[in-house]
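First comes the structure, then the notes that go with it.
Remember, predicted model here, so these are calculated numbers, not experimental data.
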Amino acid sequence: MMYKTPGIQRRKFLFFPLIAFAFVAAASGVVMLLWNNVLADVITVKSLSYLQAAGIFLLSKLLFGNFKGRGGPGRFGGPMGGWRNKIRNMSDEDKEKFRADWKDRCGR
């Protein structure tokens, strides 16, 4: 039986924040370069410093990305978000009720 040593767990624990920091640092540089080289020429905006680009990147991730991965093929994990399996496992009565509910909601 093999036991994991605390040192390995500690290194893994410290590794992921470093990777996340490196990703944010690199993405902030990309945001700054794109902003300064594209937007400044297309529309009249001021150029950004590196820290301002990092702030815009983090703000956009909070507003739109929420720092979460996709988690699989569908938006909510499984194929079709798990709905396909849920509908397949319904009984015939439940399927008819489901169809009737959606017909009422859609007005058809």
Side-chain angles (χ1 to χ4, degrees):
M1 180 181 273
M2 294 189 64
Y3 296 102
K4 292 185 179 182
T5 61
I8 293 173
Q9 291 294 328
R10 187 173 180 203
R11 280 185 280 175
K12 285 183 181 180
F13 180 75
L14 294 175
F15 179 71
F16 291 110
L18 291 175
I19 294 296
F21 179 76
F23 174 75
V24 170
S28 299
V30 170
V31 168
M32 182 185 71
L33 290 173
L34 288 173
W35 182 284
N36 291 339
N37 293 321
V38 175
L39 283 179
D41 293 337
V42 176
I43 58 176
T44 55
V45 294
K46 294 181 181 179
S47 61
L48 289 178
S49 70
Y50 181 79
L51 290 177
Q52 289 171 329
I56 287 177
F57 174 71
L58 291 174
L59 180 64
S60 68
K61 287 302 285 180
L62 286 172
L63 293 176
F64 304 114
N66 205 17
F67 294 104
K68 290 184 182 179
R70 289 187 51 106
R75 182 173 177 192
F76 298 106
M80 298 288 289
W83 281 99
R84 182 177 290 158
N85 291 333
K86 190 174 186 178
I87 291 173
R88 282 184 185 165
N89 294 331
M90 282 184 179
S91 67
D92 291 333
E93 299 165 350
D94 291 336
K95 286 180 185 178
E96 284 301 318
K97 184 181 176 199
F98 181 76
R99 288 184 189 121
D101 288 343
W102 276 101
K103 283 182 185 178
D104 291 339
R105 291 179 186 175
C106 296
R108 291 184 179 174

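Here the straight-line distance linking atom CG of D94 with atom CZ of R99 works out to 11.0 Å at 0.5 Å rounding. We find the CZ-OH distance between F57 and Y50 to be 10.0 Å, quoted to the nearest 0.5 Å. Atom CG of L58 and atom CG of L63 lie 11.0 Å apart (nearest 0.5 Å).
Both V31 and F23 belong to a common hydrophobic cluster when Ile, Leu, Val, Met, Phe, Trp and Tyr are linked at side-chain heavy-atom distances under 4.5 angstrom. L51 and V24 are not part of a single hydrophobic cluster, where members link through side-chain heavy atoms under 4.5 Å apart.
Side-chain contact check for R105 versus W102: some heavy-atom pair is nearer than 4.5 Å.
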Considering only distance and modelled atom types, tabulate donor-acceptor pairs under 3.5 Å from the side chains of residues 32-49, sequence neighbours left out.
unit_1: W35; atom_1: NE1; unit_2: K46; atom_2: O; d: 2.9
unit_1: N36; atom_1: OD1; unit_2: L48; atom_2: N; d: 2.7
unit_1: N36; atom_1: ND2; unit_2: M32; atom_2: O; d: 3.3
unit_1: N36; atom_1: ND2; unit_2: L48; atom_2: O; d: 3.2
unit_1: N37; atom_1: ND2; unit_2: L33; atom_2: O; d: 3.1
unit_1: S49; atom_1: OG; unit_2: Q52; atom_2: N; d: 3.3
unit_1: S49; atom_1: OG; unit_2: Q52; atom_2: OE1; d: 3.4

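The local environment of NZ in K95 is crowded, with over 12 non-hydrogen atoms from other residues, nucleotides or ligands closer than 6.0 Å.
Scored by the salt bridge (Lys or Arg N to Asp or Glu O under 4.0 Å) test, R88 finds no partners at all (sequence neighbours excluded).
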